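Just so it is clear, the structure is predicted and the values come from calculations on it, not from any experiment. Chain letters run A, B, ... following the sequence lines, proteins first and then strands; every chain starts at 1.
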Number of protein chains: 2
Amino acid sequence: MNYNEAKIKFVSTWGSLGSLWGINKAMAQIQALLFISTKPLSMEDIMEDLKISRGNTSMNLRQLMDWGIVTKEIIPGERKEYFTTEKDVQELARIIAKERSRREIQPVIKVLKEVSSIKDDGTEKTKELIKQTKALHDLTETADDMINKIVNQKQNWVTKSLLKLIK
Amino acid sequence: MNYNEAKIKFVSTWGSLGSLWGINKAMAQIQALLFISTKPLSMEDIMEDLKISRGNTSMNLRQLMDWGIVTKEIIPGERKEYFTTEKDVQELARIIAKERSRREIQPVIKVLKEVSSIKDDGTEKTKELIKQTKALHDLTETADDMINKIVNQKQNWVTKSLLKLIK
DNA sequence: ATAAACTTTCAATAATTATTGAAAGTTTAA
DNA sequence: TTAAACTTTCAATAATTATTGAAAGTTTAT
């Protein structure tokens, strides 16, 4: 496998993985491209490399900036805008975990709390609903907390020693 | 909010959350319905409650069984098949984490390993590709390990004390 | 062996989501 | 102030994914 094959494989794999972290294919591919680039890329560069339209590139770059993963780079003397992504994987993971928690997990926790707080009318089905949604609420909250805590540790040794601990 | 409102809210929220754990809406809704039901439900029951077709119900129940989340229940004297879901949230989380890891994370780890193992031809771009995909490989592998380890702890106190530790 | 009761399959269709491309908008240089 | 260089917006369209429903398949009771 040479450089170009490897690059294509990485970008497309990372793209199809997008669904795993809740973003679309183009968005994930743009991020992947920037992630392995040695220098900032222009919209033109990205469109050409991924063979996607200008509009698509623009919209997805904006979303990546909203997530806080990609930033604009001004290159003196250049008219075009250039883009870079966060290059540190730990920091990338931190941002993604935080955003997903905020956008998706928190709202679910809220609903689970609401649902599990309905008045117990004494019927079996109500008791079951309360019991099960409460369990789900606790689990979701704990998992969310843990992921955020783990991912917020700046130093990698923490992750490593933690892993050793629970083996 | 009464029982029925709460039930509808829970089922639809859990359904739209499906994307978070990589399954479709109907599948997640069926699971949600079974999760709060006090007794096994027939295909008829599910179709009626969620207002979805027989075919859809059949296909999604089969997928849930493939995941190992739902099981067939034979009720003596009854011709119909009945279904139940795993009721313990810890066990449910264990199954889901394991399946997602197997279906989605492992293949990605494999590709990252391949890509990061290409021959270093000395160019800057190749060095960057290797460096970045290697970092991603290590992170993904560590995260996958941790999630599996955490979720495999049967006793909840482990999770709790672990959480306290990393606070 | 037959038929009723039930489940599965899958081609057709509907719903959703992503992408295009060109017009409108913005910024900069002269 | 003008126009070139660039970016954004968004209605139309394409691609993908989910759903239906009816025919085919299976099981069970008689």
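Among the nucleotides dC6(C), dT8(D), dT20(D), the one closest to any side-chain atom of Ile52(B) is dT20(D). Of the candidate nucleotides dC6(D), dT20(C), dT20(D), dT20(D) has the atom lying nearest to any side-chain atom of Ser53(B). Relative to the side chain of Met59(A), the nucleotides dC10(D), dT8(C), dT19(D) differ in distance, and dC10(D) lies closest. Candidate nucleotides dT8(C), dA4(D), dT19(D) were compared by shortest atom distance to the side chain of Arg79(A), and dA4(D) ranks first.
dA18(C) is paired with dT13(D) under the Watson-Crick or G-U wobble criterion, all donor-acceptor distances under 3.5 Å. Across all strands shown, dA23(C) pairs with dT8(D); the Watson-Crick or G-U wobble distances both stay below 3.5 Å.
Judged purely by atom type and a 3.5 angstrom limit, Gln132(B) has no side-chain atom pairing as donor or acceptor with the backbone of Leu129(B).
Within the 4.5 Å cutoff, side-chain heavy atoms of Ser101(A) are placed close to those of Asn148(A).
Contact annotation for Asn24(B): backbone-only contact, meaning every heavy-atom pair under 4.0 Å involves sugar-phosphate atoms and none involves a base. Residue Glu81(B) is classed as a sugar-phosphate contact, given heavy-atom separations below 4.0 Å to backbone atoms only.
Arg62(B) has a side-chain polar atom (N or O) that falls below the 4.0 Å cut-off from OP1 or OP2 of dT9(C). For Ser58(A), a side-chain nitrogen or oxygen approaches OP1 or OP2 of dT8(D) to under 4.0 Å.
Between Arg54(A) and Ile23(A), the residue anchored closer to the 5' end of DNA chain C is Ile23(A), taking for each the nucleotide with the nearest heavy atom.
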**OP:** Check the pair Thr142(B) / Asp145(B) against side-chain hydrogen bond (donor to acceptor under 3.5 Å, both in side chains), numbers first and verdict last.
**Re:** CA-CA 5 Å; Thr142(B) 306; Asp145(B) 274 5; over 6 Å; no
